[in-house]
Amino acid sequence: FTPDGKALLVPAHTGLMAFRDDGWAEVDGPIHDFAGFSLAERAIYASGHPPPGSSLPNPLGLVKSIDLGASWVPLALGGQADFHFLAAGYRSNAIYVRSTEPNSAMTVPGLHLSVDEGKTWRRRIARGLEGEIFGLAAHPQDAGILAVATARGLYLSRDSGESFKRMDGRQAVTAVSFDPDGRNLRFARAIRRELV
């Protein structure tokens with residue numbers, strides 16, 4: 001949701017959509033093929049691919065919008081990285097990403113953290129984290145708290161991703177988010193039903 005709570009922003013491979021009182025509408029601005037996407041208090045952080053003919057590098061690396069998606073500014077790793085998993089703390093200034101390939105700032109793939117909008121990155125060890133990652137959620141205020149949804153359950157780190165504790169069994173968790181005040185986690189479990 002936008003900071004004023006008046007619109008729901010939905011990134012897609014065909015640009016950014018907004019749902020308001022009068023229904024769905026495309027956001028005026030470049031039609032990026034969005035991958036990672038996270039709304040913070042003063043900016044949207046995203047990754048993916050620019051539209052054909054754009055002057056932005058492909059892939060985007062880490063980009064930022066301060067006008068709710070009408071324009072985007074490159075921050076880091078343009079032409080090098082496409083982050084499908086990206087989470088920004090709403091007020092904490094923490095940006096977590098999962099890189100799948102090495103690049104000039106991340107010599108080893110995995111979980112990385114930036115607290116300066118991508119100028120520097122720190123690799124996180126992620127001890128105890130198991131399973132394919134389905135989603136990341138950065139705590140809105142505490143840069144050291146990260147939740148991860150995986151095929152093996154819900155995991156929580158209180159040390160900036162250095163170590164994780166399983167919070168919810170071994171059942172797959174497909175999505176995770178913090179409440180705006182950061183006191184509660186919301187998550188979705190994968191439900192498998194056999195048709196007989």
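Taking CD1 of Ile125 as the reference point, atom OG of Ser160 lies at 12.5 Å (rounded to 0.5 Å). Considering NE2 of His32 and CH2 of Trp72, their distance stands at 6.5 Å, rounded to 0.5 Å. A distance of 7.5 Å separates CG of Leu77 from CG of Leu62, quoted to the nearest 0.5 Å. Taking CZ of Phe34 as the reference point, atom CE of Met17 lies at 12.0 Å (rounded to 0.5 Å). Atom-to-atom distance recorded for Phe134:CZ and Thr174:OG1 is 7.5 Å, nearest 0.5 angstrom. Taking CZ of Arg127 as the start and NZ of Lys165 as the end, the distance is 15.5 Å to the nearest 0.5 Å.
Between the side chain of Ser99 and the backbone N or O of Gly110 there is at least one donor-acceptor pair closer than 3.5 Å. Proximity of a side-chain donor or acceptor of Ser157 to a complementary backbone N or O of Leu146 within less than 3.5 Å is not detected. Counting only distance, with no hydrogens or angles, the side chain of Glu26 and the backbone of Leu16 share no donor-acceptor pair below 3.5 Å. Asn184 contributes no side-chain N or O that, together with a main-chain N or O of Asp179, makes up a donor-acceptor pair within less than 3.5 Å. The main-chain N or O of Ile95 is never found under 3.5 Å from a side-chain atom of Ser114 such that the two would form a donor-acceptor pair. When atom types are taken as modelled, the side chain of Thr2 and the backbone of Ala7 share a donor-acceptor pair closer than 3.5 angstrom. Formation of a donor-acceptor pair under 3.5 Å by the His139 side chain with backbone atoms of Gly182 is found in this model.
Here the side chains of Asp142 and Ser92 are not in contact, with every heavy-atom distance at 4.5 Å or above. No side-chain heavy atom of Phe37 sits less than 4.5 Å from a side-chain heavy atom of Ser47. When side chains are defined from C-beta on, Thr100 does not count as touching Phe83, because their heavy atoms never get closer than 4.5 Å. Residues Val115 and Leu113 meet the side-chain proximity criterion, which asks for heavy atoms closer than 4.5 Å. Annotation: side chain of Phe85 is not in contact with side chain of Leu111 (no heavy-atom distance under 4.5 Å). Counting only heavy atoms from C-beta outward, the side chains of Asp33 and Thr14 never approach each other to under 4.5 Å. Between Asn93 and Asp116 the shortest side-chain heavy-atom distance does not fall below 4.5 Å. The closest side-chain heavy-atom distance from Phe19 to Leu9 is not below 4.5 Å.
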Inset, instruction - Using the side chain to side chain contact (heavy atoms under 4.5 Å, CB included) rule, take Arg122 and His112 through it: C-alpha gap first, then chi angles, then the decisive distance, then the call. - result: CA-CA 5 Å; Arg122 292 182 296 169; His112 291 78; over 6 Å; no
Legend entry - Full working for side chain to side chain contact (heavy atoms under 4.5 Å, CB included) between Val148 and Leu129: CA-CA 8 Å; Val148 181; Leu129 185 63; 4.0 Å; yes
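Criterion: ILVMFWY side-chain heavy atoms under 4.5 Å apart, direct or through other members. Under it, Ile145 and Leu136 are not part of a common hydrophobic cluster. Hydrophobic clustering of Ile, Leu, Val, Met, Phe, Trp and Tyr side chains at less than 4.5 Å, counting indirect connections, keeps Leu60 apart from Leu86. Both Val173 and Phe178 belong to a common hydrophobic cluster when Ile, Leu, Val, Met, Phe, Trp and Tyr are linked at side-chain heavy-atom distances under 4.5 angstrom. Hydrophobic cluster membership differs between Leu156 and Tyr96, with clusters built from Ile, Leu, Val, Met, Phe, Trp and Tyr side chains linked at under 4.5 angstrom.
Minimum interatomic distance between Tyr45 and Ala40 (heavy atoms only, all atoms of both residues): CE1-CB, 3.9 Å. Contact record, Ala88 with Ser38: N-OG, 2.9 Å, taken as the closest heavy-atom pair. Taking every heavy atom of both residues into account, Ile66 and Ala43 meet most closely at CG2-CB, 4.2 Å. Contact between Thr150 and Glu130 at its shortest, heavy atoms only, is OG1-O, 2.8 Å. The shortest non-hydrogen separation linking Ala143 to Ala94 is CB-CB, 3.7 Å. The shortest non-hydrogen separation linking Arg123 to Val108 is NE-CG1, 3.4 Å.
Atom CG of Asp21 has 12 or fewer heavy atoms from other residues, nucleotides or ligands within 6.0 Å. Residue Asp28 qualifies as open at atom CG: its count of foreign heavy atoms under 6.0 Å is 12 or below.
Under the 30°/60° scheme for interplanar angles, the aromatic rings of Tyr155 and Phe164 are found to stand perpendicular.
With salt bridges taken as basic N to acidic carboxylate O contacts below 4.0 Å, none links Arg124 and Asp159.
Partners of Glu41 according to the salt bridge (Lys or Arg N to Asp or Glu O under 4.0 Å) rule, which considers only residues two or more places apart in sequence or in another chain, are Arg91.
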